[in-house]
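In what follows, a structure is listed as structure tokens, so that the remarks can point back to it.
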Amino acid sequence: SAEAELLAALSVTTYPDSNSKPVMMEDIFGQLRTSGSQLTSAPVWRMDFVLRSGLEKDTVGTWEKTVIQHFVNDGYTELNQKWQYIHVELFSTRLSVGDEIARNVIGDLNLIALAFVFLVTACAMMIGHPLRGVQGRRVLGSCDFFVVILGTIAGYGLASACGVPFTSLQQILPFVLVGIGVDDAFVIVAAFDRTDKNKPVEERVRDAVMLEGMSITLTSATDIIAFLCGSTTVFPAVSYFCVYASLSLFFIYAFHMTAFCSMLALDARRQNAGRLDVLCCAKLAQGTDDDAEGESLSERTMMKYGQAITSHIIVKLAILTAFLAFTGVCLWQAIDKTDTQFNIIDLAPDRSYMRNYLAVEEEYWGVDTTGQNIMVDLHFRNIDDSDASVQAEIRRAEDELLQLSVINTAQGIQSWHRSFTTWARENKGNGPQGMLTAGEFKILDGQDYLTGAGFYPALKYWLRNCSLGCRFKNDIVWEGGNVQDSGDISHSRVTVRQVSLAKSDDQARALADIEDFYKDKEKVLPGTFIFAPPYIYYHQYGVIREQLFLTTGMCFVAIVVVSLLVIAHPLAILIILGVVLMVFIGVLGCIPLSGVSLNSISMINMVLAIGLVVDYNLHIANSFMSQDPKLSRDERTALAMKKIGVAVAKGILSALIAIAPLALASSEVFRVFFKMLLAILLVGGSHGLVLMPVVLSILG
């Protein structure tokens, strides 16, 4: 029958038109079923188009773009399914990932804009009295948003001028920087409100900067240094992100200490003149409640809160016990539950033709593109291939590669050298055109190898003959650039298949075994290396934990150094470092709890976490140390919470408001940022506003 003939044709083990090249049925058919060597059924099959080597990149890109535009709808969400009996999905190895990452960010621009609107509104309402006409600072709060944006633009400009590449991740950074930057404004304004209102405005601004300028300088320095430490990582995308962040934070700090202070002085003159906040040309009649002075409700509430959590030893012990228990649980989660999985599918929007393709691949082949039966190339460079001892080492390298547990031995090896040597042996003494004479062979390890002057003529004849070895022409690079030239081999490769690996830990171990193998081979065949495109992901899985702890370790050292220069009190530094370490463990433990994997994206957030939580805790500790030392620890803690606690709480609350829209993002990247930032703000904020005051009241 026609069906039987079709199944028989699909069950062949070699391609009929390419010199008996083996057919890799597991690559072509998903969930295939066989009876012996006969294919019986397969619900899905895959066709790969391999373009000719030597094409210009622009030509390849134009071809792939044309194919995508032909098959994919205008929104790039799915293919135009215009066929009656088949369902088609499409994926371009060159364009799909990059294009969909860019569309990922662009698709959620409306949410980023909404987050900025939320943040501007929060700044405008929180930086002054939200319900008062004169003492409100809605315009000042809005201007602070643009101060942060201008600082970000300056940082981006300097980084670009220095030649630091711009990636898709940098498009998310402005949102993060705004969340960090507005904290400085809250602290400066809180200090300004505590100054003597009878002094001239210029002196009040000076006094405010004297009160909290060092605290802002310290927190900004730790933020900048944390990101500079992050820029030393081996992951280029993370490094570029951290460089842009550190430079932007420097300018944000500089603009707050200069431009924002000037804006604050202008706003204070407006208040002194009794002019309305938004309508500054209008004045409010004297004697209204707008001129009311004294402690604000938020300050009184924060002081009572500080007294409540530090007034009784039982309350203190309960808080310490709760936080230590939380840290223990998070430490267990971080050690036992954290994985390093990274799925390409997460880079695509929720509605994406690439996501559809990868979902089909994972459903029917069990793993995605990075783990599924990938091709692994073993490369040899700058060796004398005509030498018998070199050929014997190549053969040994091939045999040892096939013995690795991560290599699919059932699919064998695609080796020009093995195939050519077999042909030469079979025709020894009887070669075409007088080649392959017996005197040109040398026996090593029990094997005959063609050597000397007869090697290259025979090899080139074999490669030019499509009934013999022309399918291997792309596996050899010649010194002259072409098989027709007189040059020798400069570079060659052989190819094997790796077994399918779904878990990141297995993929990392596979790469480690491969690296051990080729480093051993490089000792006898210098220039040897192994390559497969997914190994860039495997490498990330293997070093992400090491890089995370190395980077954060550098950040903690930087915190100690900067704190020693500014605070100069060993016990205070130990308290800050201990609390920050607990926050780091807490956030790290929240990674598996929130369903997030440890990868380059979450690593960025861990570096960000150190910068943010240091801000929250340093402000509290610095304010505590500035109180009258004659007071008791409890009294100093309550006063510190009154003076700076409100500003810290406003900073946390404004950031929470800003990230809220990201929970509705259509892309996994933004949702990961939301989950991580939410964990950072809740864990870091609770430690700064709850644990730090309790610890200071006991040990401060």
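Being a predicted model, the structure only gives us computed values, none of them experimental.
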**Interatomic spacing from CD in Glu78 to CG in Asn80 - rounded to 0.5 Å** = 8.0 Å
**Request:** Please say whether more than 12 non-hydrogen atoms of neighbouring residues, nucleotides or ligands are located less than 6.0 Å from CG in Leu444.
**Result:** yes
**Prompt:** So Glu393 and Arg396, salt bridge (charged side-chain N to carboxylate O under 4.0 Å, His left out) or not? Walk me through it.
**Reply:** CA-CA 5 Å; Glu393 289 295 344; Arg396 269 194 291 272; 2.6 Å; yes
**Asked** Does the pair Asp399 and Arg395 meet the rule for a salt bridge (charged side-chain N to carboxylate O under 4.0 Å, His left out), with working shown?
**Response** CA-CA 6 Å; Asp399 291 340; Arg395 181 57 182 258; 3.5 Å; yes
**Message:** What I want to find out is whether Lys521 reaches Asp516 closely enough, with some N-O distance under 4.0 Å, to be called a salt bridge.
**Reply:** no
**Tyr244 side chain to Ser160 side chain, donor-acceptor N/O pair below 3.5 angstrom** = yes
**Request:** Hey, could you give me the NE2/CG distance between His417 and Leu378, rounded to the nearest 0.5 Å?
**Result:** 12.0 Å
**Prompt:** Do Glu398 and Arg418 sit within salt-bridge range, that is, some charged N less than 4.0 Å from a carboxylate O?
**Reply:** yes
**Prompt:** Which distance, rounded to the nearest 0.5 Å, do you find between the OH of Tyr240 and the CZ of Phe166?
**Reply:** 13.5 Å
**Request:** Would you indicate whether Arg425, at its atom CZ, is surrounded by more than 12 heavy atoms from other residues, nucleotides or ligands within a distance under 6.0 Å?
**Result:** yes
**Message:** I'd like to check Ile28 versus Arg46 (side-chain heavy atoms, cut-off strictly below 4.5 Å). Are they in contact?
**Reply:** no
**Fill in**
Between the CG atom in Leu79 and the OH atom in Tyr353, the distance rounded to the nearest 0.5 Å is 9.0 Å
**Item:** Parallel, tilted or perpendicular, as decided by the 30° and 60° cut-offs, for the rings of His379 and His491
**Value:** perpendicular
**Prompt:** Would you say Lys473 and Trp416 make side-chain contact, with heavy atoms under 4.5 Å?
**Reply:** no
**Item:** Derivation and outcome, ring pair (Phe, Tyr, Trp, His ring centres under 6.0 Å), residues Phe420 and Tyr461
**Value:** CA-CA 11 Å; Phe420 170 69; Tyr461 170 84; over 10 Å; no
**Pairwise side-chain contact, Leu51 with Trp63, heavy-atom cut-off 4.5 Å (strictly under)** = yes
**Request:** Specify whether Phe472 and Trp462 have parallel, tilted or perpendicular ring planes, treating 30° as the upper limit for parallel and 60° as the lower limit for perpendicular.
**Result:** parallel
